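Everything quoted here is computed from the prediction, not taken from an experiment.
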Amino acid sequence: MAPAIKDSMKNIFHKVQFNKTDHQQYMKRLTKLYEKVDLDTFWEYFVWCLKVPLSTSQQHPYVVNTLEFCAKFCMSFYRSLESETTEPMSPFLNRLFEFLLSSHNAKDKGVRFRICHFLNMLLNSMGDNAFMDDNLCDQITVSMMDRLLDKSPKVRAQAVFALYRLQDPSDEQCPVIKMYLFHVSKDPNAEVRKAVLATMGKNQKTLQAALIRTRDIDDSVRKKAYEFISKVTVRSLTIEQRERLLKDGLKDRSETVRTCVNNVLLPAWLRYFKGEYMNLIHALDAGIGTETATLALRVLFKNADLKILLAQVTIDKNTRLIPLTSLTNENVLYWKCIIQHLQRLSCTEELELIIPELSEFCKYICDFITFISSQSHETWEKESHKFILLQLFEISTTYDLSDEVGRKNLNEVIINTLMSDHCSTKIIECLVSHLAKVIPEPSNMLNAIANVISETRLPLKENAVTQQITGEQQHENNMQKARLKVEMLELEEELYQAIKEQNFLQADSLKEKINALKEEISRLSKIPEAILTEDNMREEKNDTATMHSDDSVHILALKTLGVYCILDKELAKKHIMIFFYQFSLEQENQEIWVVSLKGIFDLLLMYGFEYFDILQSPEENSMENRSEKTRSLYTHEDSNISISKRAEVEEGPCNFIKILTGLLTNANQDLRTIAAEGLCKLLLNQRINSSNLISRLIIMCYNPVNADDIYLRQCLSSFFDNFVTPEAQEMLEGAYFPTLQVLCNAPDISPLREINAYHISRFILSLTRRGCQKTNGQTFYTHNNLAFAILAEILNPESKIDKEILIRSLTNLSIQIEDDLSKQNLQRAIKNVTKMVMKYDKRLLKYVQQFTQKLDMVSEGTEIDEESDNENED
């Protein structure tokens, strides 16, 4: 009986691995087998067969099919899946869970993986409304949380899946959710982080964790984070979060992430707003997230029906314009994006349905400016008006400028707007760039801009009237004054006679007439005799509103100067100190420093230090120029300082390399990154030589403070991959001991204490492997030099470098000694080190022995595997 059951069981397990469609019939056969024999016998052979797929670490469909069959069969014994009133668990299931939970910590990681995998299958085989005994839930949770701490990332990932149905997102104290949150943010393996994002339930804490993972270093994790967020309603996110998500996602460096955002996240958000594009734009706040909203619309428009898109444009069909009183940030942005979309598709007929001729559109812009100028508005309304005006002018850039009348009208609108009070920085950028197309002749365009600036700075005086009279009018004016004066003299004579005769009523009347004549003569006298010149009617404006200092203008001026300096080397020599001068000023906007730093590096890369008479310290000069020289340094005070000693160079104010390297520790991340990138470029292009700088860059690469600066780490990684010149070998050799000294002498509270100094040693030695310098026909191998130097440092009692690091580093050396004297000296040093290690720490003796074996193999001419020995050591 027993052999027959065993054979039947084996046959069933063999058949189910090939095709899932056969599982149902074999479940019936296995159930009949279960009913025929006692539980002990059935369990004995069942678990014997089950152990085969559970102990197979290989990922193969046959293994998965077999385990899925087993899970379905086992869960067929679980009768209380649809109600909370749980009956006692069947003895078979009791034995199964006891077996699995007692085996989850097996020595073999493949078994641990399969146990977690199978538990996940069992729980997923239950229905959506399944219930499970609390004690069993707790046992599974505890076991799988142990596996979440497994040293194998594959096992940890499967444990994450196994815990999926045991989490409770509504419970703030849920242990599974807490472990999920820990691993999604802290687990070093991308597969584990991705597994958590695929399984964890949704609440505010898990949402915040997913938002952070959208900036994960791994592409697949970022993609999974966006998939997680796409299942959360838009209202759960703030406007800032929505804008940042799309901005990062639509511009992600990975195509798979961009595809996920394009095809999953954005369509999900649009469905939430029932296909209303204007509501989606409103959710992103068009005024703030303009660029992001525009990118999002472009993506959504690609797969949209044109009829649906055109139906949502809120224009008047007769005028083909949005009524002025109905203009909003959302509808004008959507209108602009639709126009640009139709233009890209060359849909001329559809385009003519939603936009009028250019002259009419210019009048529309003028009417809008008049409309917003007609009354006072709140600050937020003014900002909205400027945003709408910008969109209207960006629409104007889509017009064909072959219409001469329309082009003249557009020119007039642009000039008038530039001189108005409704311009923002973005509007000015748009108008000036478009004016270059409206007025294609550069000199005419520049004259137009110059006139705008002149009119802004020197406006006409208010109430000033330019008056011009002819010679004939001047003569008539003089004759009139003469007649009035004669008449006044006659009246004064009559006044004298009336007073003499004491006729006071007549005298009073005459006095009034005389006063009237005087006023008329005075008025005629004020009429100018020549043309009032325009210069007399203008007053230069120096008020803060017109001439206020602006950081954006400052930055543009620096960028412009940088471009001209690159084009003109004499100009570069004259003005390079302007860029250095920016660092002596207190700047609230540190972008000024960023632009200045970029300008400095561009000019140094373009022309070199020698052109600007900028001296490096002797340590920073190449091997060929190590003799002390004197060179003058130019300063912004235009004074010359003679430098002849190293101390003076390093301590003086004019060591520009010292200024630039000082920025590597600046609090501003952008400055640190740009300084590092610029110095790397100078080193790669052999503009500078500095072992100390190489040392700082190596430490910067490993410093945990820079862990989140992905661009910096990529930049440094790329630099060291390409830093392979003979001069580079010399600098790396010179940087070896100073780098280790900095790490070993770092204070206890310093983040440098977290860096493994041995890893740094191994990194530098890997960069210098097979490196050599040739001088006077002789070849000097870098590792040969370092071998002697490291042995000497080990034997130096005053050395502050950890001797264990130096001794372990010996095995990373690739030695090529060709002369017998050097070999003898090296062997003598090794013997001395061996004696010292015997007294110091016998554990380290194995590293000295490995190094000795390498040396012996070199002596015998045997090829050495350079990556051997310590490549797997921590």
Side-chain angles (χ1 to χ4, degrees), residues 214-215 219-220 222-235 237 239 241-315 320 322 328-355 387-388 390-400 426 430:
T214 58
R215 293 191 170 185
D219 298 350
S220 62
R222 295 200 303 279
K223 176 177 178 287
K224 191 61 69 174
Y226 277 106
E227 289 176 353
F228 179 94
I229 294 167
S230 68
K231 298 170 185 175
V232 178
T233 59
V234 187
R235 297 296 182 194
L237 302 165
I239 292 176
Q241 288 171 338
R242 298 168 197 164
E243 197 271 337
R244 201 210 78 187
L245 274 172
L246 290 185
K247 185 177 181 180
D248 291 350
L250 293 171
K251 294 182 177 181
D252 196 279
R253 66 177 181 268
S254 168
E255 185 178 353
T256 57
V257 177
R258 294 196 303 272
T259 302
C260 176
V261 175
N262 294 349
N263 299 341
V264 179
L265 183 67
L266 269 176
W269 285 8
L270 186 62
R271 284 194 300 272
Y272 178 82
F273 292 110
K274 299 178 181 179
E276 296 291 333
Y277 290 93
M278 233 78 75
N279 291 338
L280 175 61
I281 298 171
H282 181 74
L284 296 173
D285 194 337
I288 297 174
T290 311
E291 181 187 2
T292 303
T294 303
L295 284 174
L297 290 177
R298 285 182 182 175
V299 169
L300 291 169
F301 287 171
K302 288 180 182 178
N303 300 317
D305 188 341
L306 273 183
K307 291 182 180 179
I308 295 175
L309 296 180
L310 292 172
Q312 295 190 32
V313 182
T314 57
I315 58 169
R320 291 174 289 175
I322 299 175
T328 64
N329 290 0
E330 290 77 24
N331 62 23
V332 73
L333 178 63
Y334 180 74
W335 188 24
K336 181 195 76 173
C337 291
I338 286 291
I339 291 170
Q340 293 173 341
H341 179 63
L342 294 176
Q343 193 177 49
R344 283 193 296 271
L345 296 178
S346 300
C347 297
T348 309
E349 294 181 4
E350 289 82 357
L351 195 58
E352 290 176 351
L353 296 174
I354 61 170
I355 190 170
F387 175 81
I388 293 170
L390 173 62
Q391 305 313 306
L392 294 178
F393 276 115
E394 287 185 347
I395 290 174
S396 72
T397 63
T398 64
Y399 277 95
D400 179 7
K426 290 183 178 180
C430 175

Of all the heavy-atom pairs spanning [X] and [Y], show the shortest one and how long it is.
X	Y	value
C430	E394	SG-CG, 3.9 Å
G249	V261	CA-CG2, 3.7 Å
I322	T314	CG1-O, 3.5 Å

Just verifying a value: how many Å separate [X] [atom1] and [Y] [atom2], rounded to the nearest 0.5 Å?
X	Y	atom1	atom2	value
K336	L392	NZ	CG	10.5 Å
N279	L284	CG	CG	11.0 Å
N262	E255	CG	CD	9.5 Å
E243	D248	CD	CG	8.5 Å
I229	C260	CD1	SG	9.5 Å
I354	E350	CD1	CD	9.0 Å

Heavy-atom check, side chain of W335 versus side chain of N331, under 4.5 Å: no
Are R253 and D219 close enough that some pair of their side-chain heavy atoms sits under 4.5 Å apart?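 Answer yes - side chains close enough.
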Counting only N and O atoms by type, is there a donor-acceptor contact under 3.5 Å from the side chain of [X] to the main-chain atoms of [Y]?
X	Y	answer
Y334	L309	yes
R222	V257	no
Q343	T398	yes
R258	D252	yes
Y277	V313	no
R320	I315	no

Check against side-chain contact (heavy atoms from CB on, under 4.5 Å), L266 and L246: CA-CA 8 Å; L266 269 176; L246 290 185; 3.9 Å; yes
Residues that L351 engages under side chain to side chain contact (heavy atoms under 4.5 Å, CB included), provided they are two or more places apart: I339, L342, I355
For the pair K223 and E227, find out whether any cationic side-chain nitrogen is under 4.0 Å from an anionic carboxylate oxygen.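 Looking at E227 together with K223, the answer is yes, because their closest N to O distance falls below 4.0 Å.
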Distance alone, cut at 3.5 Å: any donor-acceptor contact between the side chains of T292 and R242? no
Using 30° and 60° as the class boundaries, would you call the ring planes of F301 and H341 parallel, tilted or perpendicular? tilted
